[in-house]
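One structure is given here, and the rest of the page talks about it.
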Amino acid sequence: MVLTGRVLSGLAIAFLLFASVLPKLAGMPVASETLQALGWDGRHALLIGLIELACVILYAIPRTSVLGAVVTTALLGGAIATQMRVGSPLFTHTLFGVYLGLLIWGGLWLRNPALRALFPVGHKASDASRGDAAPGEGAHA
C-alpha cells in the first residue's frame with residue numbers, strides 16, 4: 001500500500017514538475033501562450049511556476065506533505081476556476097485539476113498511516129474504538 005502511494009505521489013510530482021513548473025521556470029513560450037489563452041498576463045508565468053514549485057517541494061517532503069497537498073489543492077482550485085471561466089471542455093480541461101487532486105491525495109493517503117487513520121476510507125471503523133465492542137472483545141479480553 002505504501003509503495004503504491006509512493007508511486008502515485010511520484011507520478012503527480014513528476015507531472016507537475018515537467019508539464020507545469022519546468023515550462024514556466026524555463027521561460028518556454030508555451031507557458032506564457034497558455035496563460036494568455038486563459039486570460040492571464042504571460043508575465044506571470046515565472047511567479048506561478050515558483051508557487052507551483054513550492055507546492056511540489058512541500059508535497060514531496062514527508063514532514064510537510066499534508067501541507068503541500070493542501071496548498072496544491074488550493075492552486076488546483078484556481079486552475080479549475082480559470083478553466084470554467086474561459087469555457088474549457090468539462091471532462092478534459094476543467095476537471096483535470098480534480099483528477100490531479102485525487103492522484104495527489106490518493107497517493108498521500110496510501111503512504112501516510114496517520115491520514116488513513118483520520119480518513120478510514122473503505123474500512124469499517126473498529127467496534128472497540130466506538131466503545132460498543134462485543135462481549136469478550138476489546139481492551140478487557
### Query
What's the spacing between Leu22 CG and Leu16 CG if we round to 0.5 Å?
12.0 Å
### Summary
Taking every heavy atom of Met84 against every heavy atom of Thr94, the minimum-distance pair comes out as CG-CG2, 3.2 Å
### Message
Would you compute the distance between atom CZ of Arg85 and atom CD1 of Ile80 and round it to the nearest 0.5 angstrom?
### Response
14.5 Å
### Query
CG/Asp41 to CD/Gln36 distance, rounded to the nearest 0.5 angstrom?
7.0 Å
### Message
Give me the atom names and distance for the closest heavy-atom approach of Val86 to Ala37.
### Response
CG1-O, 4.5 Å
#### Entry: Same apolar cluster: Leu76 and Phe15, side chain cutoff 4.5 Å
yes
### Task
Taking atom CZ of Phe119 as the centre, report whether more than 12 heavy atoms of other residues, nucleotides or ligands fall under 6.0 Å from it.
no
### Message
Is there a path of hydrophobic side-chain contacts, each under 4.5 Å between heavy atoms of I/L/V/M/F/W/Y residues, joining Leu103 to Val70?
### Response
yes
### Message
Does any part of the side chain of Pro113, heavy atoms only, come nearer than 4.5 Å to the side chain of Arg116, both counted from C-beta?
### Response
yes
### Nearest-0.5 Å distance that lies between atom CD1 in Ile104 and atom CG in Leu11
11.5 Å
### Message
Applying a strict under-4.5 Å side-chain criterion to I, L, V, M, F, W and Y, I'd like to know whether Leu100 and Leu17 cluster together.
### Response
yes
### For the student: nearest non-hydrogen atoms of Ser9 and Arg111, plus distance
OG-NE, 2.8 Å
### Task
Check Gly107 against Leu8 and note the closest heavy-atom contact, atom names and distance.
CA-CB, 3.8 Å
### Query
Would Val2 and Trp109 show up in the same hydrophobic cluster when neighbours are defined by side-chain heavy atoms closer than 4.5 Å?
no
### Task
Any chance you could lay out the side chain to side chain contact (heavy atoms under 4.5 Å, CB included) test for Leu50 and Leu25, step after step, and finish with the verdict?
CA-CA 7 Å; Leu50 290 171; Leu25 295 185; 3.7 Å; yes
### Query
How long is the span from the CD1 atom in Ile13 to the CD1 atom in Ile57, to the nearest 0.5 Å?
10.5 Å
#### Entry: Smallest separation among heavy atoms of Pro23 and Val30, with atom names
CB-CG1, 4.2 Å
#### Entry: Inter-residue atom distance Asn112.CG - Trp105.CH2, 0.5 Å rounding
9.0 Å
### Task
Identify whether Ile51 and Trp40 are in the same connected component of the hydrophobic contact network (ILVMFWY, side-chain heavy atoms under 4.5 Å).
no
### Summary
Heavy atoms of Ser88 and His93 approach each other most closely as CB-CB, 3.6 Å
### Task
Quick one: do Thr72 and Leu58 satisfy side chain to side chain contact (heavy atoms under 4.5 Å, CB included)? Show the steps, please.
CA-CA 9 Å; Thr72 303; Leu58 286 171; over 6 Å; no
#### Entry: Validation row: Tyr59, Val56 side chains within 4.5 angstrom (heavy atoms)
no
